[in-house]
Every structure is written in C-alpha cells, then in structure tokens.
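It should be emphasised that the depicted structure is a prediction, and the values quoted were computed from it without experimental measurement.
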There are 4 protein chains.
Amino acid sequence: MATDPSPRWRRRKEARPQEITAAALELFAERGFAASRLDDVAARAGISKGTLYLYFPNKEELFKAVVRDAVVATIDEAERLAGSFSGGSFELLEMVVRRLAGRIVGTRAGVIPKLILAEAGNFPELARFYHDEVARRGFATVAAVLRRGIERGEFRPVDARAMVPVIIGPLLLASLWKSTFEPVAAEPLDLAALLDTHLDHLRRSLAADAPKGGPP
Amino acid sequence: MATDPSPRWRRRKEARPQEITAAALELFAERGFAASRLDDVAARAGISKGTLYLYFPNKEELFKAVVRDAVVATIDEAERLAGSFSGGSFELLEMVVRRLAGRIVGTRAGVIPKLILAEAGNFPELARFYHDEVARRGFATVAAVLRRGIERGEFRPVDARAMVPVIIGPLLLASLWKSTFEPVAAEPLDLAALLDTHLDHLRRSLAADAPKGGPP
Amino acid sequence: MATDPSPRWRRRKEARPQEITAAALELFAERGFAASRLDDVAARAGISKGTLYLYFPNKEELFKAVVRDAVVATIDEAERLAGSFSGGSFELLEMVVRRLAGRIVGTRAGVIPKLILAEAGNFPELARFYHDEVARRGFATVAAVLRRGIERGEFRPVDARAMVPVIIGPLLLASLWKSTFEPVAAEPLDLAALLDTHLDHLRRSLAADAPKGGPP
Amino acid sequence: MATDPSPRWRRRKEARPQEITAAALELFAERGFAASRLDDVAARAGISKGTLYLYFPNKEELFKAVVRDAVVATIDEAERLAGSFSGGSFELLEMVVRRLAGRIVGTRAGVIPKLILAEAGNFPELARFYHDEVARRGFATVAAVLRRGIERGEFRPVDARAMVPVIIGPLLLASLWKSTFEPVAAEPLDLAALLDTHLDHLRRSLAADAPKGGPP
DNA sequence: CATGAATGAGACTTCATTCAT
DNA sequence: CATGAATGAAGTCTCATTCAT
C-alpha cells in the first residue's frame, strides 16, 4: 500500500472493463448490436477506439462481456434468495416475480434479453451461454418455487415445468413492449397493474383448495 | 409442354414481389435484418441483385414489405373471428389463444415479432406501424373477448387491459424461446403442455364463481 | 401512295433518331452526359429503353449523334454566309458575330460547347471531331472575314489568327455564364449590351485609320 | 536518418487534406468529376480509399474543397493587387490580364472553371459558391480597373459592366481550348500572340482620345 | 498504457446493356 | 419493330481492426 505510487490510476485501470461494457450496453440497447459502432462505444466510455482493443479482442467478445456483466449477478442473487426463503410459497413467488420485474424494467440490463433474441442467430455460442447460465437457471428457480409450494400443500398439483413460461412470459412481454414501443409514442404499459393482475391470477389459480373452474 | 424452352423470365411480374419477400423473411429470420445481405436475399429468391431494386427501392422498404406481407392477413382474420363467434366466451378465448399460438410457432411469420424487436431502434417508423396495425389491434381483440365474457357473466370482473399481456406473454415467450434457443441445442419447449397449462390456469382463475383463493 | 398501307408509321420511323437526340440533348444540357440516365432519355423521347438500342449502339454513340445533329447545320450555314456576302467587311463581321450569339444563347444547341468541354477528357475522339468539324472551321471562317477586311483596306493589318479568340471568347463566356450561373440565381448577363460593347470595341480598334492609341 | 525506418504514416494530419485535394484536382482535370473514381484519387494521393473519408465526408465535399483550395488565394491576391496599384490604368489592366492568363493557363487550377461548368447542373450550391466568391468578385475587380481608368481620364467612357466579359472571354476561351483540344492533337493556341493582340486591341479602343472609328 | 490515423473487405446501390417475348 | 424485365460490373461509402507513435 505504501509503495503504490499512483493508487488512483490503478483503480482506474481495473474499472475500465466495466466502464466500457456499461457504455456498450447503453449503445446496444439503443441501436442493437450490429448498428452500434465501436467508435461510439469508445466515445461514450471516454476512451479512444484503440484502447477498446486492449481490453476486448473484438466486438463479439465485448458483446459477451456486456451480457455476462449485466446478468450474472442477478441470477446468482435470485437463486440464493429462493433457496434461503422460509415464508409462505406464494410470498416467495410474489417476491421472485416482483424482483424479476424490477430488474427487467427498472435497470438498463433489461434490454439484455432483447439483444440476445436479436443476435442469437449470429452468435450461437452466446445464445447457448445465455440459455445455460441465465434462462435455464432462471426457469429452474421458478420451477423450484412451484414445487416447494406443491410439496408444502400450498399450491395445487401443477405441471411446474409448463407453468414457468406462463409466469415469466408476461414479464418478458412487458419488458419488450416498453423498450420497443414506448420510444415510438405508444401509450405506456401499466406495469403495476399488470403485476397485480398477474399475481392475483396466480393466487386464484394456484390455491390448493381452488375448485376446478368448469361448469356444473 | 414437355420441356420448357425458355426458362429465363417466364414468371410474371406480379409474382415477384412475394417471392422476394418470402426469401427475405427466411434470411431475416435466420440472421436478423442487419446481417442479411441483399446478395443472399436475391440468390435465395433466384434472381440477381439488381432485380431486387426493380421491386423495392432499398433494403429498408423491403423490410417493411416483408412485415406487411406476413402480418396483415393474420390480424384481419383474428378480428373477424372474434367478432363473429357465438359460443361461450371461454371457448372463444381458447380458440384465439390456440390460433395465435399456431401462427406464432407454426409458420415462418412467427419470427416477425423478433425482427421488430431487434430493429425497432433503427426503424422507429416500422415499430410504430407494427404497434398500430398489429400489436395494438391484437391486444384490443383479446381485451374485447375478456369484456364479452365479463358482460355475459362467464368471467369474473377483471382488469381486461392488464390481463391481456398475461394472456399473450406466455405465447410470445414460447415463440422467442423456440426461435432463439432451440437452434442451439436447448431442449425443446413443450408447447402443447404450455398451452394446456396456460388455458387451465385461465379457466380456473377467470371462472365467474371462483372463490378468492387467498390466505385466511 | 395508294399502296403504302401506313404512311404515318413510316414517317415516324424516320423521325425517331432525331426525336431521340433532341430528348438526349435536353437531358445532357440539364445534367451533363455522365449524370443523364438512358432511362430518362427514353422516357423523354416517349419510347422504351430497349428501343434506344435499335437506333444507337451505346451511350457514347448517342452522344456523338447529339453533337452532330445539333452542330453540323449551323457551321455549314455560317461558311456559306461568309463566302457569299458582298457588303462591307465590318457589316459581315457584325452579322457573323450576332448570328453566332443567337445560336449560342437562343437555341438549345448552345449547350453543346459546354458538353464538349466537360466530356472531352473521356471522349477524345469526340473532342477531335468537334475540333475539326466545328471549332476549327468556325475559327477559320472568322479569320477569313478578318483577312477579307484587311485585304479590302477596311481593317488595319492585324494578326487574324490571334484575333479570332478575341472575337469569339466573349460570346463563349456569355453562353457559359448563362447556362451555368443564371439557373442558380445570379443576376442575368446583359447580352445585348455585351454585343453592342463588343462590336463597338471591334469597330474602333479595327478601323483602318485608327491611330495607335498609347503614349510614346 | 539515412534510411527511414517507418514510412507508414509519418506525414502529419495537417498536410493530408491538401495532398488529397491536389490529387483530386489532377484527376478531375483529366476525366471530369463524375468519371473520377475515389479509388483513383486515393491511389494518386498515396493513401487508401478509407482514408479519404477521414478528411472529407463524401465526394461532393471533396469537390468543393478542391475548388476552394485552388481558387480562394488567387482571387484574394487579384483584389489586393488591383486595390494597391498606383501606376497608369492601362498598365494595371495589362497586369491583371496577364496575371489572370498566367493563372488560367500556367497552373493546374486552370481547369477549375471547366469543372464548374461541367458540374454546375448537378451541384447548384457549388455553382453559386463559385459565382459569388470567384466569378462575381473577379468581374467586379476588372470593372473597378476600368472605372478607375475612366475617372482618371485615361480611358474613354465605356460601359464597364458590359466590357468585362469582352476582356475576360478571350482568356477563358484560351484556357478551355488548351485543356480541351490540345490533348487531342489540335495545333496549340498561341497564347502570347493572343495576349498581345488582345491588349493591343484594348489599348487602341480604350484610349481616351480615340476618335469614333469609322469614316463617313 | 493509450492514441488515433490508416486500412481494406464488404455492404448497398446504380445503370448501361442484353434479350426473350 | 418495340418492349421492359433482368443482369452484373462498378461505384460510393462504412466500419472493425491494426499498429506506429
């Protein structure tokens, strides 16, 4: 510590990659991957174009780093949360859903799914990475919550695997709608009402004692 | 008749535009708009690069034509169907959902939403068109079905506007999952189970006499 | 006459080449040779693009035909006029100058010199043709008028060869100015005043008894 | 020092634009603007195609820069010269004419007028620029010289405005002739004789005491 | 470490020319 | 004769990547 001659510089150096991926994430969110020029990424990160290449070997690797940076923390946290919760299963489900909604809509990382969708065809390896590390783990986490509720008698027996997309789909739609249509003048989607409605819907349907809704 | 003596340009001028948009749709679906080269579109359509420009003034207009061709018929049909149905509201809702699922997953036009999402930032005008002519109309149609059910006493009172994304979201997720992850080796998503689960879930929750499932 | 089944068609056929060169001349005048598309030439001539090639083997030959059509008559006439005139030499000179001015400014063929200048580098053969058939013959005609005046004692002895550009230069400048700058809002050049001044200038200077003006 | 170890991009950024405009001027002079390929401009400037675009946003702007570079200095100098001269008006006029002739014929910038003429239809903005900054200012300068001579009693009263094209026209013709016809084998135009004849002609005609030329 | 000038492959687009009808 | 759909070479311009400083 005493011998370090320039501590500010050192910290700067280590912070660089994340400054760059943050800048890249902004641009990718606005224009998509292909239409984002590295010139602009560099400018937004406050560095020169050449410096980019000191940290990332090419545009594709930068893309992967952007995704990793934005996503890994979130999914780790979600798994930890679900694993350590000790309350009622519906409270747990609601917490997971609301937290996921908050991530998707409230943070810049919300555009990541959109980027993945858009570029999966061109970067299969990235699509696989995202599937394995994010999508599948996220789905598994929600499925685990459902199974926990069933085992504890809080939820009726339900096909957990098939139910997961039903739970996550509306959140995904909200995220995509917001980033796609709201910039072009569409009326905003009311996320709070959507969440309330979605959770109410789930509560009614999953309740262990819910009668089969059909006709008499 | 036995052997066509002049294969060169026997095809009528009128057929060409759709041959081209069909070829373009395939390519855009595989690689996205930006990464699709007009050379390849032309090759897949069986024409030369220059011929493209006899029918579409530039790449962007071709994109718009692809979207219009693939989408307009579908949405018209859905509106007609919903307007003329005379049976029970849940049967109508199920029909709409299953038909939408069939479109999204079973036909090539299923990638259109993905394309729109990916390029909305670069083509705001197209995003607006899709929002106005497809997304909003589709949402309105589903909302109308819900209101019909409520009015007829078949569904409990529900916030129709907020419920629509809950109904459509899972279908969108299924579509995106299939086109994004299945090509990279992910296990296939079981659409039939998803639909059954989704519809069962809706039936239970929407039933007019369903008790509020919450805790005591 | 009786046996000719379609006399209008026949006349049409023979008129075609000139209809085409006329249309081409208009376009070349507006945009220059390189920027004029054969599509537009055909459209302005009221024919299809393919038909152009029935009359001219390629764009360059069309260009040559345009020049020939527009120019040959004029130069023939000028030579005849100068050769057959029997009045005073200054009247002859004035007549030649005014007639040349009329051609250059008053008719569409006035842009020909400009076209030649612009494209000489790309079509040396055409430049040579124009030089041989138009420029040199025109210059020779004016020089002959000057020599006639000198021989008849009407003009002082003057280097006829060197004097010709002095006579023609102002007319050329007027022509180029009008076609170049007047379309972009420049104040119009007063051609009548220019001609009067130019001819007055020539009259004073060429007069056989004019004293040498300068100081010793 | 003996052998330069790094020939790659030693040249300073500041020198580049002029190296490029110089190369472009050469090519434009040879082939005209439309027929000059940027590849060739780059090659002649000793750089790559892409480097062009670091300095000029497109071909048209390069063209404008070529014109500005070649022309602005000249016209400034001419105005200064005419404004500060203190000798006889005819000497001043002769100096202006000879200097203009030297520019037009002796330097590469002599092709600029030809380029402007050729492309005015396609680049009206450039035509206006040249008109405002070069043609009109040049004409005004010559007119001022004439008015100076008239005011000082050295020239007869003459319509200065109408006289200017009479003075400049022959120089323009000489310039265009040389660049247009001499490369295609025409006999060279004798510029020295032309200038002597032109100036002698002007001296005789403008002299204050010159009698009105013709005999009764 | 950092820079930014330079590169060149490759994209979109134009248009003179051809040729089956 | 006339058409106009089709072609493909060639042009302008972009941008990820390199490398001398």
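A heavy atom lying under 4.0 Å from DNA chain F marks the following residues of residues 22-39 of chain A, by number: A:S36, A:R37, A:L38.
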Derivation of the salt bridge (charged side-chain N to carboxylate O under 4.0 Å, His left out) call for A:E119 and B:R31
CA-CA 7 Å; A:E119 300 297 335; B:R31 305 183 201 172; over 6 Å; no

Could you check D:S36 against D:K59 for side-chain hydrogen bond (donor to acceptor under 3.5 Å, both in side chains), going step by step and ending with a plain yes or no?
CA-CA 10 Å; D:S36 296; D:K59 198 183 180 187; over 6 Å; no

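When heavy atoms are screened at a 4.0 angstrom cut-off, B:K49 is found touching base atoms of the nucleic acid.
Rounded to an integer number of Å, the gap from OH of B:Y53 to C1' of F:dT7 is 15 Å. Taking atom CD of A:E61 as the reference point, atom C1' of F:dT17 lies 15 Å away to the nearest angstrom. The CD atom of B:E60 sits 19 Å away from the P atom of E:dA11 (whole-angstrom rounding). Taking atom CZ of residue A:F56 and atom P of nucleotide F:dT18, one finds them 16 Å apart after rounding to whole Å.
For D:E61 and D:K64, the salt-bridge test passes: some basic side-chain N is under 4.0 Å from an acidic carboxylate O.
Looking only at distances, no side-chain donor or acceptor of B:T21 sits under 3.5 Å from a matching main-chain atom of B:A65.
Rounded to the nearest 0.5 angstrom, A:L126 CG and A:R68 CZ are separated by 8.0 Å.
Contact of the B:V66 side chain with the B:L62 side chain is registered, since non-hydrogen atoms from C-beta on lie closer than 4.5 Å. Between D:N122 and D:F33, every side-chain heavy-atom pair lies at or beyond the 4.5 Å cut-off.
Contact annotation: D:Y55 does not reach the phosphate of E:dA5 (side-chain N/O to OP1 or OP2, under 4.0 Å). For the pair D:T51 and E:dA6, the criterion of a side-chain N or O lying under 4.0 Å from OP1 or OP2 is not met.
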Given Watson-Crick or G-U pairs with both distances under 3.5 Å, what dot-bracket string fits DNA chain F, with | for other-strand pairs and [ ] for crossing?
.||||||||||||||||||||

